[in-house]
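Everything below concerns the one structure shown next.
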Amino acid sequence: MSDTPFLAKPVEAKDTIIVAEDSPPNRKILAHLLEKLGFNVCACEHGQEAWDKLQEGKLVNVVAVISDIMMPSMDGINLLRNIRGDERFKNLPVVLVTAVSEKDYIVQAKELSVNGYILKPVTFQRVTTKLKELFPDRIFPRLAS
């Protein structure tokens with residue numbers, strides 16, 4: 001007999017989104033919104049931490065990366081470059097959080113096949129709109145904003 005407790009049905013792992021954001025308030029807002037929408041969140045302080053987590057292979061069901069563009073250690077463009085350059089992750093959706101003033105970075109991101117942008121300030125509406133574009137078949141809970 002097994003030592004594992006009886007489960008009526010297997011527990012399904014939720015989809016995970018990696019968030020790379022150096023601003024603690026913005027990171028917290030993004031993580032909170034994504035969790036409310038039913039995702040597991042791996043919140044990282046910069047692109048290097050997000051890249052390390054992705055490479056470790058310990059995260060389950062990673063379906064997307066949402067990253068700020070301007071960060072220390074590794075910015076969002078270099079994180080995107082690493083993801084696109086790795087055969088295991090090259091098709092992973094990447095969304096960059098950006099301020100309007102970062103136009104040069106947006107051009108670079110387009111060349112690296114970024115999947116979209118979320119304009120600052122990050123809001124529930126902007127996040128859900130982008131996720132509906134990325135995952136058109138997914139049904140998201142309606143939340144009071």
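Please read these numbers as outputs of a predicted model, since none were measured by experiment.
- When side chains are defined from C-beta on, Gln55 counts as touching Arg88, because their heavy atoms get closer than 4.5 Å.
- Counting heavy atoms from C-beta on, the side chains of Asp15 and Asn40 never come closer than 4.5 Å.
- Looking at heavy atoms from C-beta onward, Lys120 lies out of side-chain contact with Thr98 at the 4.5 angstrom threshold.
- Closest approach of His46 and Pro72 over heavy atoms only: CB-O, 3.1 Å.
- The side-chain hydrogen bond (donor to acceptor under 3.5 Å, both in side chains) search around Gln108 returns none, not counting sequence neighbours.
- Taken to the nearest 0.5 Å, the CG atom of Leu37 stands 13.5 Å off from the CD1 atom of Ile139.
- By the side-chain contact (heavy atoms from CB on, under 4.5 Å) test, Glu45 is found to be paired with Arg27, Glu49, residues two or more places apart in sequence or in another chain being considered.
- Here Lys90 contributes atom NZ and Asn82 contributes atom CG; the two are 15.5 Å apart, rounded to the nearest 0.5 Å.
- With hydrogens and angles ignored, the 3.5 Å screen pairs a side-chain donor or acceptor of Thr16 with a backbone N or O of Val60.
- Nearest heavy-atom pair across Ala50 and Ala20 is CB-CB, 3.9 Å.
- Residues Val95 and Val114 fail the side-chain proximity criterion, which asks for heavy atoms closer than 4.5 Å.
- Annotation: side-chain contact (heavy atoms from CB on, under 4.5 Å) contacts of Asp75 (sequence neighbours excluded): Ile77, Asn78, Tyr105.
- Residues passing the side-chain hydrogen bond (donor to acceptor under 3.5 Å, both in side chains) test with Thr129, sequence neighbours excluded: Gln125.
- Contact detail for Ala99 and Leu119: the closest heavy-atom pair is C-CD1, 4.4 Å.
- Distance check: Ile18 CD1 to Leu59 CG gives 5.0 Å after rounding to the nearest 0.5 Å.
- Looking at residues two or more places apart in sequence or on another chain, you find no side-chain hydrogen bond (donor to acceptor under 3.5 Å, both in side chains) involving Lys53.
- The shortest distance between side-chain heavy atoms of Met70 and Asp22 does not fall below 4.5 Å.
- Between the side chain of Arg81 and the main chain of Leu112, no donor-acceptor pair closer than 3.5 Å is present.
- To the nearest 0.5 Å, atom CG of residue Leu34 and atom CZ of residue Phe124 are 10.0 Å apart.
- With hydrogens and angles disregarded, no donor-acceptor distance shorter than 3.5 Å links the side chain of Arg126 to the backbone of Ile118.
- The CD1 atom of Ile69 sits 9.5 Å away from the CG atom of Leu80 when rounded to the nearest 0.5 Å.
- Checking side-chain atoms of Glu21 against main-chain N and O of Ser23 turns up a donor-acceptor pair under 3.5 Å.
- Using cut-offs of 30° and 60° for the angle between ring planes, the Phe39 and Phe135 rings count as tilted.
- For Glu111, there are no side-chain hydrogen bond (donor to acceptor under 3.5 Å, both in side chains) partners two or more places apart in sequence or in a different chain.
- Atom CG in Leu131 sits 5.0 Å away from atom CD1 in Ile17 (nearest 0.5 Å).
- Here the side chains of Ile83 and Trp51 are in contact, with some heavy-atom distance below 4.5 Å.
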Step by step, would you call Leu54 with Leu92 a side-chain contact (heavy atoms from CB on, under 4.5 Å)?
CA-CA 11 Å; Leu54 197 54; Leu92 184 65; 4.0 Å; yes

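- Two different hydrophobic clusters hold Met71 and Ile106 under the rule that ILVMFWY side chains link at heavy-atom gaps under 4.5 Å.
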Verdict with reasoning, Asp68 to Leu96, per side-chain contact (heavy atoms from CB on, under 4.5 Å):
CA-CA 6 Å; Asp68 191 14; Leu96 295 176; over 6 Å; no

